[in-house]
Asker: 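One structure follows; several queries about it will come next.
First the proteins, then the strands, lettered A, B, ... as listed; each starts at 1.
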There are 2 protein chains.
Amino acid sequence: MTISSSQQPSVASSSPAVSAGAGMSEADLLARLFRALGDPTRVQLLTLLLDHEQTVSDLVEAVGAPQGRISTHLGCLRWCGLVTGRREGRQMIYAVTDQRVRDLLSIASAVLRDYAAQVATCGVVG
Amino acid sequence: MTISSSQQPSVASSSPAVSAGAGMSEADLLARLFRALGDPTRVQLLTLLLDHEQTVSDLVEAVGAPQGRISTHLGCLRWCGLVTGRREGRQMIYAVTDQRVRDLLSIASAVLRDYAAQVATCGVVG
DNA sequence: TCGGTATATTCGTATATTCGTATATGTTTG
DNA sequence: CAAACATATACGAATATACGAATATACCGA
């Protein structure tokens, strides 16, 4: 056995777009990480999990989005190491365990307190 | 006095897609902020400016991308408050003045030290 | 093993974002 | 004022990303 808890979810090898592997610069990686954080649904999930661990069903209800979408986004977050998940019976329990994720959200939130209006109207991020 | 240096750059009111204004949740705003950070060129610019302030020409040469693209991305970063810019003669000098931007990049970089491989291969962020 | 519950994955389509190229604006100098 | 330099903006094409709907998989209890 190589991996204990956060094993890589089998994210479907269908998409031929993810070669990535080698020649990826630090800037590319940072950008990817920030993009993983750059979706409202994923941010909402993280915010909810910041409080306490929750099942997918809990999150589906809290967010009010279809279960498939929630699972997909949780899969992304988990794959990237931003949340952890463990199975308990037939349900999956997700949580934010990395303090740095908490910090990223906290700092970003602080930035927004100063620049919310600007960020809200930036024409580049649609 | 409300704002000292970082005034809103006239980002061209052509694009009719940015209504935004009111009903935008905290999650939406956070996601937008992270998306502003979620581009390799913009990250590269921030990283370069982290060191010391630089002109657009400097950045164009350092990044190796066409000037138009650099300006566009700088405009986005500036609009969102992530960099500041001042004109000196015929050139613009950009800088990162907000410590929190530094922190965001630093923490994200730390996360990558643990999860670079995962982030690099996440199928959701292409 | 079967049915039901909980979660994960696939896929086509709609939308968002980036890029390259061309052009416009602002600033200094001759 | 014209020319040159530095930067900003516009725009169509290419690509990336999110979504809804449908389906597949995992687990539990009878």
Asker: Looking at C/dA8, I'd like to know if its phosphate oxygens (OP1 or OP2) sit under 4.0 Å from a side-chain N or O belonging to A/S71.
Answerer: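 Checking C/dA8 against A/S71, a side-chain N or O does come within under 4.0 Å of OP1 or OP2.
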Asker: What integer distance in Å separates B/D39:CG from D/dT17:P?
Answerer: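 Taking CG of B/D39 and P of D/dT17, I get 10 Å after rounding.
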Asker: With a non-hydrogen cut-off below 4.0 angstrom, is B/T72 in contact with a base, only sugar-phosphate, or nothing?
Answerer: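 Base, at least one base heavy atom under 4.0 Å.
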Asker: Return the 5'-most residue of the pair A/H73, A/E88 with respect to DNA chain D, ranking by each residue's nearest nucleotide.
Answerer: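 So the residue in question is A/H73.
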Asker: Can you tell me the distance, in whole Å, between the CG atom of A/L74 and the P atom of C/dA8?
Answerer: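 About 7 Å, once rounded to whole Å.
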Asker: Name the closest nucleotide to the B/Q67 side chain, picking from D/dC5, D/dA8, C/dT17.
Answerer: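 The nucleotide sitting nearest to the side chain is D/dA8.
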Asker: Output the rounded distance in Å from CH2 (A/W79) to P (D/dT17).
Answerer: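 To the nearest whole Å, that distance equals 15 Å.
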Asker: Just the rounded figure in Å: distance from P of D/dT7 to CZ of B/R86.
Answerer: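 My rounded result for the distance is 13 Å.
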Asker: Start with the C-alpha distance between A/V125 and B/F34, add both sets of side-chain angles, then the distance that settles side chain to side chain contact (heavy atoms under 4.5 Å, CB included), and finish with yes or no.
Answerer: CA-CA 9 Å; A/V125 293; B/F34 283 125; over 6 Å; no
Asker: Given D/dC19, D/dG20, D/dA6, which nucleotide is nearest the side-chain atoms of A/P66?
Answerer: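 Shortest atom-to-atom distance from the side chain points to D/dG20.
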Asker: Pick the nucleotide of DNA chain D nearest each of A/R90 and A/R42; which residue has the one closer to the 5' end?
Answerer: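 This one resolves to A/R42.
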Asker: Between C/dT18 atom C1' and B/L37 atom CG, what is the distance in whole Å?
Answerer: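 Distance check: B/L37 CG to C/dT18 C1' gives 16 Å.
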Asker: Kindly say whether B/Y94 contributes a backbone atom to a donor-acceptor pair with the side chain of B/R78 at under 3.5 angstrom?
Answerer: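 A pair under 3.5 Å: no.
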Asker: For residues 47-62 of chain A, which residues have at least one heavy atom under 4.0 Å from DNA chain C?
Answerer: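 Going residue by residue through residues 47-62 of chain A, the ones with a heavy atom under 4.0 Å of DNA chain C turn out to be A/T55, A/V56, A/S57.
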Asker: Between A/L45 (CG) and C/dT7 (P), how many Å, whole number?
Answerer: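 Whole-Å distance recorded here is 13 Å.
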Asker: Keeping A/Q54 on the side-chain end and A/L48 on the backbone end, is there a donor-acceptor pair under 3.5 Å?
Answerer: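 Between the backbone of A/L48 and the side chain of A/Q54 there is a qualifying donor-acceptor contact (under 3.5 Å).
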Asker: What's the closest nucleotide to the side chain of A/Q91 if the choices are D/dA18, D/dG20, C/dT7?
Answerer: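 The answer is C/dT7, which lies nearest to the side chain.
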Asker: Determine, stepwise, if the pair A/L50 / A/L46 fulfils side chain to side chain contact (heavy atoms under 4.5 Å, CB included).
Answerer: CA-CA 6 Å; A/L50 232 48; A/L46 287 174; 5.5 Å; no
Asker: Say whether, by atom type as modelled, one donor and one acceptor occur between the side chain of A/S106 and the main chain of A/R102 under 3.5 angstrom.
Answerer: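 Not confirmed, A/S106 side chain does not pair with A/R102 backbone.
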Asker: Go nucleotide by nucleotide along DNA chain C from the 5' end; which of A/M92 and B/R35 gets its closest nucleotide reached first?
Answerer: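 Closer to the 5' end of DNA chain C: A/M92.
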Asker: Are any side-chain N or O atoms of B/R42 and backbone N or O atoms of A/A31, one a donor and one an acceptor, separated by less than 3.5 Å?
Answerer: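 Checked: no pair found.
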Asker: Run the numbers on A/H73 and A/Q44 for side chain to side chain contact (heavy atoms under 4.5 Å, CB included), then give the verdict.
Answerer: CA-CA 10 Å; A/H73 284 305; A/Q44 213 178 338; over 6 Å; no
Asker: With a 4.0 Å limit, can you tell me whether B/Y94 has a side-chain N or O closer than that to the phosphate oxygens OP1/OP2 of D/dA8?
Answerer: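 The answer is yes; a side-chain N or O of B/Y94 sits under 4.0 Å from OP1 or OP2.
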Asker: If only side-chain N and O atoms count, and only distance matters, is there a donor-acceptor pair under 3.5 Å linking A/S25 with A/D28?
Answerer: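 Distance-only check passes for A/D28 and A/S25.
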Asker: Taking the side chain of B/R87 as heavy atoms from C-beta outward, which of C/dC19, D/dC27, C/dT27 is closest to it?
Answerer: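 Of the candidates, C/dT27 comes closest.
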Asker: Do A/L82 and A/L33 pass the side chain to side chain contact (heavy atoms under 4.5 Å, CB included) test, and can you show the C-alpha distance, the side-chain angles, and the key distance before you say yes or no?
Answerer: CA-CA 9 Å; A/L82 300 174; A/L33 178 55; 4.0 Å; yes
Asker: Starting at atom CD1 of A/I70, determine the distance to atom C1' of C/dT10, rounded to an integer number of angstrom.
Answerer: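 The distance from CD1 of A/I70 to C1' of C/dT10 comes to 18 Å, rounded to the nearest Å.
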Asker: Expressed as a whole number of angstroms, how long is the span from B/D28:CG to D/dA18:C1'?
Answerer: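 Interatomic distance, CG of B/D28 to C1' of D/dA18: 13 Å.
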Asker: Other residues, nucleotides and ligands only: do more than 12 of their heavy atoms fall within 6.0 Å of CD on B/E26?
Answerer: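 Atom CD in B/E26 is packed in, count exceeds 12.
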Asker: For DNA chain D, what dot-bracket results from Watson-Crick or G-U pairs at under 3.5 Å, with [ ] for crossers and | for inter-strand partners?
Answerer: ||||||||||||||||||||||||||||||
